[in-house]
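First up is the structure itself, then whatever we jot down about it.
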Amino acid sequence: MTLISIKEKPKSKGRKKALITGITGQDGSYLAEFLLTKGYHVHGIIRRASTFNTGRINHIYVDPHEPQANLFLHFGDLSDAELINNLIYNIKPDEIYHLGAQSHVRVSFDIPEYTGNVTALGTIRLLEAIRRSGHKIKFYQASSSEMFGSAPAPQSEETPFKPQSPYACAKVYAYWMAKNYCHGYGLFACNGILFNHESPRRGETFVTRKITRGIANILAGKQKKLYLGNLNAKRDWGFAPEYIEMMWLMLQQSRPDDYVVGTGESHSVKEFVEKAFKYAGLNWKKYVQIDRRYFRPNEVDYLCADISRAKQKLKWNPEVKFNDLVKIMVDYDLKALGIAAPGEGIKICKGKWYSHG
């Protein structure tokens with residue numbers, strides 16, 4: 001894969017330009033795909049690695065030397081303020097979607113300083129670069145339901161934050177800095193407070209994907225047991241591609257605002273396990289074991305979104321709910337290992353703008 005030089009700026013007559021941090025992640029890859037369908041020139045920041053880490057976007061990448069190329073990648077890191085300044089100055093994006101972070105909650109307890117540097121201070125580096133650039137740039141901050149922590153459900157935009165992890169604390173800092181730059185400097189900055197959103201592109205260490213991959217591995221004879229942590233934690237789980245459209249919709253409004261994004265339903269990890277194993281024709285009790293190493297020092301017991309504002313102001317309502325989400329993810333992981341899948345989840349996704357490459 002060839003990365004475009006920062007000096008090689010594509011011509012974008014009448015076309016919007018978007019810059020995405022975290023473009024190689026689940027959300028970043030879906031967002032890039034979505035924006036390309038909208039006719040954007042899409043720029044993404046990726047970290048330098050000794051191995052390719054662009055698997056989620058390979059299917060939409062075109063060599064930048066080709067005239068039809070609309071996706072451009074730049075090496076960078078959220079800890080490097082000078083590089084961020086240079087990127088924004090040279091690209092001059094119309095919109096920035098800040099999705100990059102150290103986003104694994106359990107891991108944030110092991111590397112709290114790094115989590116704060118990237119997830120919290122990375123946001124201020126972007127906001128300050130926008131302010132100094134003098135350009136009119138709309139900014140989307142990927143906030144998280146984890147910020148609510150121990151606050152009682154359902155949680156709305158008015159619910160006080162009670163974070164229970166280094167990751168959540170870093171996200172709260174980033175949330176308030178986005179609001180401060182919006183109110184203090186007049187930047188168009190929105191916080192999308194997204195509840196858990198999953199897909200076949202979800203990272204393999206996140207619990208939902210760990211479950212569905214575990215099922216596929218068990219059926220393939222590659223794995224005998226699935227080790228999990230707290231099965232009683234309840235989450236509001238939605239489908240990532242639908243949430244991506246909400247990110248875009250927030251930046252198309254005339255005024256910035258913050259929105260809670262979820263399904264309004266909450267289900268436990270145990271429910272996810274039961275549904276997924278049953279759909280694949282397995283008895284989960286034969287395969288799942290609890291390993292306390294996967295428990296968090298501070299647990300978040302119950303998250304459920306109140307999406308009244310999104311419904312009222314943005315006319316948004318999610319279509320894919322819990323049962324369908326489970327089917328989509330199980331089907332994908334079974335198919336990936338060449339195992340016959342029930343196929344109901346595949347049918348749900350057929351004909352949509354996204355793929356799951």
Side-chain angles (χ1 to χ4, degrees), residues 25-27 29-30 55-56 59 104-106 195-244 262-295 299 301-304 318-357:
Q26 170 190 254
D27 292 3
S29 63
Y30 280 125
R56 294 185 180 100
H59 66 291
H104 197 288
V105 179
R106 178 61 190 85
F195 282 61
N196 293 63
H197 46 291
E198 318 297 316
S199 77
R201 294 186 195 170
R202 189 55 145 155
E204 295 171 359
T205 60
F206 289 83
V207 67
T208 51
R209 189 75 195 290
K210 186 176 180 180
I211 293 166
T212 58
R213 285 190 75 249
I215 289 170
N217 285 332
I218 288 168
L219 286 172
K222 297 182 176 182
Q223 186 173 331
K224 293 182 179 180
K225 296 291 182 180
L226 176 62
Y227 295 93
L228 299 173
N230 181 11
L231 298 185
N232 296 318
K234 298 184 71 174
R235 295 291 185 269
D236 185 330
W237 275 305
F239 189 40
E242 292 189 323
Y243 289 30
I244 293 312
T263 68
E265 297 179 3
S266 189
H267 300 270
S268 67
V269 176
K270 184 178 178 181
E271 287 179 81
F272 196 105
V273 170
E274 291 173 338
K275 290 281 185 182
F277 272 80
K278 184 177 180 180
Y279 181 63
L282 297 173
N283 180 353
W284 72 275
K285 293 182 180 179
K286 293 182 178 180
Y287 302 100
V288 174
Q289 291 190 2
I290 303 302
D291 186 339
R292 296 201 64 84
R293 287 179 297 179
Y294 298 126
F295 281 65
E299 187 54 82
D301 295 318
Y302 184 19
L303 295 175
C304 185
E319 295 180 8
V320 176
K321 298 295 182 67
F322 181 73
N323 289 339
D324 287 341
L325 174 65
V326 172
K327 293 174 182 177
I328 290 169
M329 294 182 68
V330 172
D331 275 355
Y332 174 85
D333 278 318
L334 292 182
K335 187 179 177 184
L337 290 185
I339 301 170
E344 293 178 40
I346 294 172
K347 289 178 183 177
I348 293 167
C349 295
K350 190 174 181 180
K352 303 292 185 180
W353 60 262
Y354 48 82
S355 65
H356 295 307

Steps toward side-chain contact (heavy atoms from CB on, under 4.5 Å) verdict (C304, E265) = CA-CA 6 Å; C304 185; E265 297 179 3; 5.8 Å; no
From E198 CD over to R209 CZ, what is the distance, rounded to the nearest 0.5 angstrom?
-> 10.5 Å
Closest approach of F295 to R106 (non-hydrogen atoms, all atoms of both residues) = O-NE, 3.1 Å
Does any non-hydrogen side-chain atom of S29 lie less than 4.5 Å from one of R201?
-> yes
For the atom pair CZ (R235) and OG1 (T263), what is the distance rounded to the nearest 0.5 Å?
-> 13.0 Å
Is it true that a side-chain atom of Q26 and a backbone atom of A240 form a donor plus acceptor pair closer than 3.5 Å?
-> no
With side-chain contact (heavy atoms from CB on, under 4.5 Å) as the test, would you mind laying out the steps for R202 and Y332 before giving the verdict?
-> CA-CA 11 Å; R202 189 55 145 155; Y332 174 85; over 6 Å; no
When rounded to the nearest 0.5 Å, the distance separating OH of Y30 from NE2 of H197 is 10.5 Å
If you round to the nearest 0.5 Å, how far is CH2 of W237 from OG1 of T208?
-> 7.0 Å
Please collect all side-chain hydrogen bond (donor to acceptor under 3.5 Å, both in side chains) contacts where either partner lies in residues 282-292, sequence neighbours excluded, each pair once.
-> D291-R293
Note, F322 side chain near F272 side chain (heavy atom, < 4.5 Å) | yes
Go through the side-chain N and O atoms of Y302 and S266 and say whether any donor and acceptor fall under 3.5 Å apart.
-> no
State which residues pass ring pair (Phe, Tyr, Trp, His ring centres under 6.0 Å) with Y354; sequence neighbours excluded, sorted by chain then number.
-> F239, H356
Taking side chain as C-beta onward, heavy atoms only, is D333 less than 4.5 Å from I215?
-> no
Kindly compute the distance separating CD1 (I328) from OG1 (T212), expressed to the nearest 0.5 Å.
-> 11.5 Å
May I have the step-by-step check of ring-ring contact (aromatic ring centres under 6.0 Å, His included) for H104 and F206, ending in yes or no?
-> CA-CA 8 Å; H104 197 288; F206 289 83; 5.0 Å; yes
Closest non-hydrogen atom pair between G214 and L226, with its separation | CA-CD1, 4.4 Å
Heavy-atom closest pair, residues P342 and L334 | CD-CD1, 3.9 Å
Euclidean distance, R56 CZ relative to D27 CG, rounded to 0.5 Å | 9.5 Å
Heavy atoms of other groups near K270 NZ, more than 12 under 6.0 Å | no
Heavy-atom closest contact (S199 atom, M329 atom, distance) = O-CE, 3.4 Å
Lys/Arg N to Asp/Glu carboxylate O, D331 vs K347, below 4.0 Å = no
Would you say the side-chain atoms of D236 and H267 include a donor-acceptor pair closer than 3.5 Å?
-> no
Under the side-chain hydrogen bond (donor to acceptor under 3.5 Å, both in side chains) rule, what pairs show up with a residue in residues 216-232, not counting sequence neighbours?
-> N217-Q223, N230-E299
Do you know the tightest heavy-atom contact between A276 and V330?
-> CB-CG2, 3.9 Å
Kindly indicate whether the side chain of L303, heavy atoms from C-beta on, has any atom under 4.5 Å from the side chain of K234.
-> no
